[in-house]
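Reading through the structure tokens given below for one structure.
These numbers come from a predicted model, not from an experiment. Only heavy atoms go into these numbers, but all of them, side chains included; no hydrogens, no water, no symmetry mates.
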Amino acid sequence: GNDVTANYAVITQCGTLTILPRNVKVITLDDTHVYDGNQHYNIDWKYDDTTEYKLVDGHALQPIDWTKLVDVGSAENIVEFAVSDGMADVSQNYAIEYTHYGTITVQTRIVTLTPATNEWVYDGNAHSDIGYVLTEGSLDFVFGQTIDSLDRNEITSVGSVQNVLTYVVCDVSGNDVTANYNIVYVGYGTLTVVARQLTIAASDSAWIYDGQTHTAESWQITNGSLAVNQQAIVTLDGAIKYVWENDVMSTVSARIVDESGNDVTANYDLTFVEGKLHIDKRTVTVQTASDGCVYDDLAHSNAEYYIVSALGFVDGETVIVTEAISVRYVKDSCENLLTYAIFDDQIDVTDNYDLQVICGWLSIIPRAISVSTGDGEWKYDGSAHGNTAWNKETNLVNGTIVDGQSIAVTVTGNVTDVWECHANNNDCVVAVFDGDGNDVTENYAIGKQLGTLTITPRVLTVRTLDFTF
């Protein structure tokens, strides 16, 4: 067992030890997905049935690159593997042979839908709706993607159209991904614009009668509204001039135009409300004249008047006094009530006035005359004495009686005894009669200048007799 190597001259010729790569045959697998906007891949694999070798126990294939597919289509499922032993890369010890590549397939996403149905009240704008209703059980568009329409029907005016759309789909980056969809249209929705409700009312109008013809002046929208930048061109018909025409109705018609002047009336459901035209009576206050006439057995009236109110009669109209109070006798004195008629040319417009009359006073002033009676003087003789002499020419001492009338004066004074005598005791009774014999005395203010009747004492001389006792 002793080492005798030193006794040899050993010449060494080295051989070569070789580790050949282990040949492993693998196959990548197929995979199929419906388009959903995500990357799709499959890094699974299996041994080819003809492979002689498999991975050493404890070694594993690690994918380092592989085929990725987003859009609709197919591609070979090429996967590049590395071999690891725990954390160590031992890929150089293997010769990996890919005997077959699987296929990655992204299928078209089928979306079955009906474009939306929608309705708007006419507002002058173009309306469309790219909304849709999915058929029951259909897939929807991928969440987060944007749906628009390349071609779309629009509607502005009242009516209906089919909502025919050609959808365009874009991903979150704005890329057109429509080709990844099969959009199946099950019929089409309907776009409808209904008439815009609008009520236009003529305003009620009233005027104080002024002899002019008046027409409705204003209107307002009482229900609904006009579309933006549109206006109503309103025509008001109806006119009124006189009170007896109350209450004329003002009719309304209108057309609606847009900002370019186009007639868009057909897009409105218009309701018109008539207005009432009314003429109020013109209040005029007149003051009739006052007048006083000395009795002359004639009828007297005074048709003069004065406007005492803010409003007077309408210019150009004719005012006629149709009835005037007249007075003839003192007892007739009364308010000066006048009745008027007012004419506009040949038309009697009196009923258009509320005529207030403040009456003046008409009076007959008693006619002043004075009569006189004579004097008389007698010596007492126990008889009644008087002076009944009276003459119009001499005893009507002041004023005159009306022509055609007569005066009768009865002197009533008489005296018998001295003690009855006093100044102006020769009284009289005066009466005046018209030509028909009517007593009109009360229409005179009669003054009297009475004479004086005097009885002087009768002179009687008596002598007494002598007598002796």
What's the separation between atom [atom1] in [X] and atom [atom2] in [Y], rounded to the nearest 0.5 Å?
| X | Y | atom1 | atom2 | answer |
| --- | --- | --- | --- | --- |
| D439 | F433 | CG | CZ | 4.5 Å |
| D210 | D280 | CG | CG | 11.5 Å |
| N118 | T190 | CG | OG1 | 10.5 Å |
| L139 | I110 | CG | CD1 | 8.0 Å |
| I401 | S406 | CD1 | OG | 6.0 Å |
| L198 | T265 | CG | OG1 | 10.5 Å |

Compare all side-chain heavy atoms of [X] with those of [Y] and state whether any distance is below 4.5 angstrom.
| X | Y | result |
| --- | --- | --- |
| V273 | T199 | yes |
| T215 | E217 | no |
| L29 | K46 | yes |
| S250 | E274 | no |
| I320 | F343 | yes |
| Q231 | V257 | yes |
| I446 | T441 | yes |
| R22 | V56 | yes |

Donor-acceptor pair between [X] and [Y] side chains, under 3.5 angstrom:
| X | Y | answer |
| --- | --- | --- |
| S326 | S301 | no |
| Q356 | D354 | yes |
| N182 | T108 | no |
| D297 | Y295 | yes |
| N180 | D71 | yes |
| R367 | T400 | yes |
| S74 | T103 | no |
| Y98 | E76 | no |
| S203 | S218 | yes |

Aromatic plane relationship, [Y] with [X] - under 30° parallel, 30 to 60° tilted, over 60° perpendicular:
| X | Y | answer |
| --- | --- | --- |
| W207 | H214 | parallel |
| Y94 | H59 | perpendicular |
| Y41 | W66 | tilted |
| H40 | H33 | parallel |

Candidates H127, Q230, R196, Q197 - the one meeting side-chain hydrogen bond (donor to acceptor under 3.5 Å, both in side chains) with Y122: Q230
Trace of the side-chain contact (heavy atoms from CB on, under 4.5 Å) decision for L165 with D151: CA-CA 6 Å; L165 300 169; D151 298 308; over 6 Å; no
Does any N or O in the side chain of [X] come within less than 3.5 Å of the main-chain N or O of [Y], such that one atom is a donor and the other an acceptor?
| X | Y | result |
| --- | --- | --- |
| N153 | Q162 | yes |
| N267 | V158 | yes |
| N336 | N302 | yes |
| S149 | I130 | no |
| D48 | I27 | no |
| S290 | G360 | no |
| T350 | A341 | no |
| S138 | V111 | no |
| D85 | A88 | no |
| T28 | N77 | yes |

Pair D427 + K448, salt bridge at N-O below 4.0 Å: yes
Residues V430, I407; criterion side-chain contact (heavy atoms from CB on, under 4.5 Å); working and verdict: CA-CA 7 Å; V430 180; I407 186 170; 3.7 Å; yes
Verdict with supporting geometry, Y305 and Y340, ring-ring contact (aromatic ring centres under 6.0 Å, His included): CA-CA 11 Å; Y305 62 87; Y340 300 89; 5.3 Å; yes
Give a yes or no on whether [X] atom [atom1] has more than 12 heavy-atom contacts from other residues, nucleotides or ligands under 6.0 Å away.
| X | atom1 | result |
| --- | --- | --- |
| Q92 | CD | yes |
| D49 | CG | no |
| L134 | CG | yes |
| K68 | NZ | yes |

side-chain hydrogen bond (donor to acceptor under 3.5 Å, both in side chains) evaluation trace for N395 with S372: CA-CA 5 Å; N395 292 103; S372 65; 3.1 Å; yes
Derivation and outcome, salt bridge (charged side-chain N to carboxylate O under 4.0 Å, His left out), residues R109 and D140: CA-CA 9 Å; R109 189 178 185 91; D140 200 350; over 6 Å; no
CA sep, side-chain torsions, deciding dist, call: V26, L61, side-chain contact (heavy atoms from CB on, under 4.5 Å): CA-CA 10 Å; V26 298; L61 288 180; 4.0 Å; yes
Minimum heavy-atom distance between [X] and [Y], given as atom pair plus value:
| X | Y | value |
| --- | --- | --- |
| T156 | A126 | OG1-CA, 3.3 Å |
| R328 | D332 | N-OD2, 3.3 Å |
| K276 | D204 | N-OD1, 2.7 Å |

K54 to Y47 six-membered ring, cation-pi geometry met (6.0 Å, 45°): yes
Close aromatic pair by centroid cut-off 6.0 Å: Y167 and Y181: no
Criterion side-chain contact (heavy atoms from CB on, under 4.5 Å) on D176 and V168, from CA distance to verdict: CA-CA 7 Å; D176 187 338; V168 176; 3.8 Å; yes
